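Just follow the structure's listing: the first ligand is 1, and inside any ligand the first atom is 1. Since this is a predicted model, take the numbers as computed values, not measurements.
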Amino acid sequence: MLLYTVSLCVLTMVAAQDGGVVSYEGYQLLRVYPSTAQQLGTLMDLVRRRRYEGLVSLWSQQLFASRTSANNRTEQSADLLSAPQVLEDLVEQLDANGISYDVLIHNLEEAIQSENPPIDPENDELESRGGHRLTWRRYHRYKDIDSYIEYLAITYPDICQTEVIGKSSQGRDLKLLKVSTGGDGNKPAIWIDGGLHAREWISPATVTYIMLQLVEFRDLHPELIDSVDWYIMPVANPDGYEYSHSTDRLWRKTRSGAKANKRWGKRTCYGVDPNRNWDFHWGEDRSSSSDACTDDFRGPKAFSEPETKAMADFILTRKDQIKIYLTLHSYSQMWLVPWGYKNDKPKGYYDMYILAEKGVEALEAVRGTDYLLGTAAELLYTASGASDDWAKGVAGIKYSYTIELPDTGSHGFVLPAHEIEPVGQETWAAVKAITRHFTDARVP
Ligand SMILES: [Zn+2]
């Protein structure tokens with residue numbers, strides 16, 4: 001495949017605001033297929049055009065992924081979100097340059113409105129009597145997820161503990177659940193985080209599903225917690241997550257302080273991409289942005305964000321114990337192995353690949369969901385400052401992975417809530433498989 005080492009240049013969309021809530025009425029998601037290097041270059045130029053600023057964005061993580069199509073032709077694709085006022089112009093440009101495309105989502109606002117079923121007050125009351133309101137039938141706010149962490153700690157005090165590892169920039173608790181049957185930290189540990197990118201709602205939902213299975217169904221697989229300690233953080237970016245519920249469904253970054261940007265005149269922009277902010281080859285190339293108004297803004301310095309700093313500090317104090325680092329994102333159905341910052345493979349890549357393969361096999365066996373496995377640089381594009389590279393390169397955690405959850409673009413970031421359980425089941429199968437392989441093989 002052709003590799004394009006370039007900043008995503010994803011400008012935060014400037015969607016019309018209605019009563020404080022961002023509306024995506026008439027926005028369309030297009031999948032475009034540049035079939036030659038020239039078309040790829042043309043496409044990148046198109047996206048960067050000034051008249052498209054804030055109106056056309058590349059939905060990241062799916063940029064120029066190669067996936068073997070039904071006719072066995074390897075193709076590259078990129079998903080572009082277009083505002084209605086430039087859609088006709090954009091399509092004309094694609095046609096004029098012979099770049100084919102499909103419309104994946106005809107009206108994004110409609111997809112957003114039908115993504116999450118409304119709260120059923122009767123059910124809600126019933127469930128709250130159990131001590132928490134979390135379900136796996138809808139996407140929940142941060143407080144419901146938080147109440148589930150507390151519920152597990154109160155209900156299963158012999159194996160569950162909560163720990164607040166820091167505060168977000170808006171003062172929310174950065175909370176994780178520790179699951180352990182004892183041993184004073186002498187057992188190997190697995191770290192799982194979700195929700196680093198705010199809009200990827202399937203990620204926190206899947207992480208809480210893993211907590212449910214691991215703790216509440218522990219009798220089905222006691223060896224998983226007897227042999228391993230778990231550190232699980234379902235919402236790593238709670239400010240962004242809440243903002244994506246309350247105001248802008250497509251918010252990706254943190255919500256740290258406003259930064260003025262000359263290019264945008266008086267406009268001030270918020271937030272940093274928390275998966276470009278880690279202190280490992282941070283900002284070394286053009287794979288992240290120094291522009292505070294873009295979606296992939298790397299921050300004014302590495303670990304500028306209290307969220308990434310708190311996670312890193314916690315992991316570093318347990319770096320000899322943590323053997324597997326998993327971070328859940330969406331979308332594109334890929335199991336990514338470092339490195340992401342360069343087109344090269346780290347020491348121990350073969351072992352990392354074999355363990356990941358066990359996970360992918362178990363995942364695909366559940367309902368046939370097709371995952372790609374490889375390095376981020378191979379499957380997507382190079383990007384530095386991501387958490388999995390840091391976990392491998394700085395913390396020295398041998399098995400470090402990013403899992404890009406479903407789907408492959410039909411719904412993109414707005415995956416309907418009825419997918420939570422099936423995605424949870426298959427991802428849990430993968431987590432079980434790699435844990436068992438890791439402990440059975442006693443790999444170093
Ligand atoms: Zn992500």
Report task. May I ask you to decide if the ring planes of Tyr331 and Trp59 are parallel, tilted or perpendicular, using 30° and 60° as cut-offs? Result -> perpendicular
Query - the Zn ion (ligand 1) to nearest N/O/S of Glu404 below 2.8 Å - result: no
Query raised in the report: Between Trp201, Tyr142, Tyr139, which is the residue that forms a ring-ring contact (aromatic ring centres under 6.0 Å, His included) with His245?
Result: Trp201
Could you go through residues 390-397 and list every donor-acceptor pair under 3.5 Å that involves a side-chain atom there, pairing it with any protein atom two or more places apart or in another chain?
residue, atom, partner, partner atom, Å
Lys392, NZ, Lys347, O, 3.2
Lys392, NZ, Lys398, O, 3.1

Report summary line: The N/O/S atom of His329 lying closest to the Zn ion (ligand 1) is ND1
Report summary line: In this structure, the Zn ion (ligand 1) sits at the vertex of an angle between ND1 of His197 and OE1 of Glu200 that rounds to 10° as 120°
Requested in this report: Using the test side-chain hydrogen bond (donor to acceptor under 3.5 Å, both in side chains), find all partners of His281 that sit at least two apart in sequence or belong to another chain.
Outcome: Glu284, Tyr341
